[in-house]
*Asks:* 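Take a look at this one; I'll ask things after.
Just so you know, these numbers come straight off a predicted model, no measurement behind them.
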Protein chains: 2
Amino acid sequence: MPLTVLLVDDEPLVRAGLRAVLSAQPDIEVVGEAADGAAVIPLVRQLRPDLVAMDVRMPLLDGIEATRAVLRSVSEPPKILVITTFENDEYVYGALRAGADGFLLKRSRPAEIVNAVRLVAEGDSLLFPAAVRRLAAEYGNTSAREAMDRAALTEREADVLRLMTRGLSNAEIAERLVVGTETVKSHVSAVLAKLGARDRTQAVIAAYESGFVSPG
Amino acid sequence: MPLTVLLVDDEPLVRAGLRAVLSAQPDIEVVGEAADGAAVIPLVRQLRPDLVAMDVRMPLLDGIEATRAVLRSVSEPPKILVITTFENDEYVYGALRAGADGFLLKRSRPAEIVNAVRLVAEGDSLLFPAAVRRLAAEYGNTSAREAMDRAALTEREADVLRLMTRGLSNAEIAERLVVGTETVKSHVSAVLAKLGARDRTQAVIAAYESGFVSPG
DNA sequence: GGATGGCTCCCCCTCATGGGGGAGACGCTC
DNA sequence: GAGCGTCTCCCCCATGAGGGGGAGCCATCC
């Protein structure tokens with residue numbers, strides 16, 4: 001059975017784009033659309049989607065209030081993926097506090113969007129790596145490392161990512177961790193998926209941008 | 001005899017900060033200040049400093065031209081340490097090509113600033129510290145200055161490295177720069193050689209560690 | 001003029017990388 | 001006990017990446 005998604009955005013163009021990107025996936029089905037937050041609750045009750053992809057800035061009822069309302073009024077609420085244009089959107093922080101499971105930038109590439117939908121639907125939290133640092137700053141007493149944990153990296157995956165940021169190859173990481181190269185490849189693939197990275201270079205960039213590691 | 005330093009920066013605040021940091025060292029003496037590049041040459045002739053700490057972006061005469069002018073017009077030129085606010089290094093690489101001996105980010109910690117001044121004054125160069133050391137080790141009796149020259153990126157190579165640090169593939173870089181992928185591969189190979197990196201991931205790491213780019 | 005260096009593009013080649021599957025062992029929770 | 005997640009390892013496969021060559025064009029410098 002496919003992954004069912006409800007789209008909520010006041011811009012028809014954005015909805016059309018998301019529908020095109022997501023419907024192209026065999027395992028994802030867009031079951032409905034809404035143009036504002038007020039229409040979300042009845043649609044969620046009626047359609048029972050696995051995930052709601054929702055803009056944070058909308059008329060009538062914004063993403064924060066809509067998220068809160070959905071979580072209150074539905075017994076088995078869908079996962080909620082908040083969509084935003086800006087990285088440093090204070091609305092995102094509010095939405096995450098209200099219970100959203102992750103957020104995504106509108107300018108993300110299609111592959112990243114699909115990846116984010118799948119990850120959040122599967123229960124992992126997802127924060128766009130470049131924004132983790134800012135969120136960590138906003139949370140104040142929360143460390144960047146803890147914010148990174150919201151991206152659901154396991155201990156071993158974090159070990160692997162750390163060695164990746166030292167420039168090690170898979171074979172060298174395997175030697176360092178005393179495991180097989182196939183194991184390292186599994187972990188690397190998991191890291192790439194969770195960070196929304198296409199290759200290890202992008203993963204290292206995400207690690208620096210997120211504060212997972214710092215220069216010097 | 002103390003290490004004599006001439007400060008050149010158009011911002012009085014920066015000069016005051018550098019003076020405070022450097023004067024606190026018993027072996028370093030700040031012998032003069034200048035607010036723009038045009039004032040550098042007469043001051044160098046008059047004061048004969050061991051080292052000039054110079055901002056790259058200045059009115060009238062920028063750091064690149066000032067560096068070139070000093071090296072041309074003085075028989076025994078001082079070491080030149082280029083200071084920059086940004087990791088966006090068009091100017092820095094221009095200055096290094098013009099003959100500067102190293103560069104430093106303004107946001108460096110005081111200890112790093114002092115260290116950089118001492119190192120450059122002693123004849124060591126600061127560029128990509130890790131890469132320079134590797135190159136020096138590889139080429140044995142090669143001086144640090146020669147190693148740095150090898151590590152001085154051309155403009156095009158800097159362009160490529162910058163796009164590498166944004167996670168782009170060779171094909172994407174080629175598209176962005178409107179050249180062929182073979183050309184990009186040539187530049188990438190040159191960048192890897194100059195940075196002492198084995199692959200693009202290590203090059204990106206070197207870029208972050210050196211301040212060529214910075215997170216956020 | 002010749003030399004140098006940067007930018008461009010081409011060939012061939014090897015191999016690490018990453019995606020697609022799957023599977024067993026272990027420890028945890030329900 | 002069953003289920004789940006993590007860690008471990010395996011297969012096949014396509015391809016991007018990087019090394020080692022070479023070459024032409026152009027600007028600058030001597």
Side-chain angles (χ1 to χ4, degrees), chain A residues 25-27 109-112 114-115 118-119 121-125 149 151-164 167-206, chain B residues 68 71-72 90 93-94 96-99 138 146 149-165 167-206:
Chain A
Q25 303 300 314
D27 60 327
R109 290 188 302 271
E112 290 176 337
V114 170
N115 189 41
R118 288 209 186 96
L119 276 180
E122 287 168 6
D124 290 333
S125 293
D149 285 342
L153 285 188
T154 66
E155 296 247 343
R156 208 54 166 167
E157 287 160 0
D159 291 338
V160 170
L161 177 56
R162 208 167 292 115
L163 293 175
M164 287 165 70
L168 274 61
S169 67
N170 289 340
E172 289 167 341
I173 294 173
E175 189 177 357
R176 198 72 73 90
L177 297 181
V178 198
V179 295
T181 57
E182 296 298 330
T183 301
V184 173
K185 287 178 65 175
S186 293
H187 291 316
V188 169
S189 291
V191 168
L192 299 185
K194 288 181 178 177
L195 298 189
R198 189 175 53 194
D199 50 47
R200 67 200 302 109
T201 304
Q202 288 191 353
V204 167
I205 293 167
Chain B
R68 195 171 286 130
L71 294 179
R72 274 184 187 162
E90 303 287 346
Y93 281 94
L96 289 169
R97 279 196 302 279
E138 279 180 27
E146 283 176 87
D149 285 342
R150 293 173 185 279
L153 298 181
T154 68
E155 287 195 20
R156 209 53 167 167
E157 288 161 359
D159 290 338
V160 170
L161 177 55
R162 204 169 295 111
L163 293 176
M164 287 165 71
T165 63
L168 273 62
S169 66
N170 289 340
E172 289 166 340
I173 294 172
E175 190 177 357
R176 197 74 72 90
L177 297 182
V178 198
V179 297
T181 57
E182 295 298 330
T183 302
V184 173
K185 286 178 67 174
S186 293
H187 291 315
V188 169
S189 291
V191 168
L192 298 186
K194 288 182 177 179
L195 299 190
R198 188 176 53 194
D199 50 47
R200 68 202 299 110
T201 304
Q202 289 191 353
V204 167
I205 293 168

*Asks:* Between Asp199(B) and Arg156(B), just flag the one whose closest nucleotide in DNA chain C comes earlier from the 5' side.
*Replies:* Arg156(B)
*Asks:* Can you check the Arg200(B) CZ to dT17(C) P distance for me, whole Å?
*Replies:* 13 Å
*Asks:* When the axes are fitted on five pairs at both termini, how much does the helix from dG1(C)-dC30(D) to dC30(C)-dG1(D) curve, in 10° steps?
*Replies:* 40°
*Asks:* Please list all pairs meeting salt bridge (Lys or Arg N to Asp or Glu O under 4.0 Å) that have one or both residues in residues 167-188 of chain A, counting only residues at least two apart or in different chains.
*Replies:* Glu172(A)-Arg198(B)
*Asks:* With sequence neighbours excluded, tell me which residues meet side-chain contact (heavy atoms from CB on, under 4.5 Å) with Ser189(B).
*Replies:* none
*Asks:* Between Asn170(B) and Arg200(B), which heavy-atom pair has the shortest distance, and what is it?
*Replies:* OD1-NH1, 3.0 Å
*Asks:* Is there a side-chain contact between Thr201(B) and Met164(A), using heavy atoms and a 4.5 Å cut-off?
*Replies:* no
*Asks:* Could you list the protein-to-nucleotides 23-28 of chain C atom pairs, N/O on both sides, closer than 3.5 Å?
*Replies:*
none

*Asks:* What's the CG-P distance between Asp159(B) and dG6(C), to the nearest Å?
*Replies:* 14 Å
*Asks:* Find the distance between OG1 (Thr165(B)) and CD1 (Ile205(B)) and round it off to the nearest 0.5 Å.
*Replies:* 12.5 Å
*Asks:* Could you tell me the separation between the CD atom of Glu157(B) and the C1' atom of dT8(C), rounded to a whole number of Å?
*Replies:* 13 Å
*Asks:* When the distance from CG of Asn170(B) to C1' of dC9(C) is rounded to whole Å, what number comes out?
*Replies:* 14 Å
*Asks:* Taking atom P of dA17(D) as reference, at what distance in whole Å does atom CG of Leu192(B) sit?
*Replies:* 11 Å
*Asks:* Between Ala203(A) and Leu192(A), what is the shortest heavy-atom contact and its length?
*Replies:* CB-CD2, 3.7 Å
*Asks:* Restricting to side-chain contact (heavy atoms from CB on, under 4.5 Å), what partner residues turn up for Thr183(A), sequence neighbours left out?
*Replies:* Val179(A), His187(A)
*Asks:* Below 4.0 angstrom, which residues in residues 180-190 of chain A have at least one non-hydrogen atom near DNA chain C?
*Replies:* Lys185(A), Val188(A), Ser189(A)
*Asks:* If the test is side-chain contact (heavy atoms from CB on, under 4.5 Å), which one of Leu163(A), Thr181(A), Asp159(A) qualifies with Ile173(A)?
*Replies:* Leu163(A)
*Asks:* Could you state the CG-C1' distance from Leu168(A) to dA16(C), rounded to the nearest angstrom?
*Replies:* 14 Å
*Asks:* Can you check the Ile173(A) CD1 to dT8(D) P distance for me, whole Å?
*Replies:* 13 Å
*Asks:* In whole angstrom, give the distance that lies between atom CD of Gln202(A) and atom C1' of dG18(C).
*Replies:* 13 Å
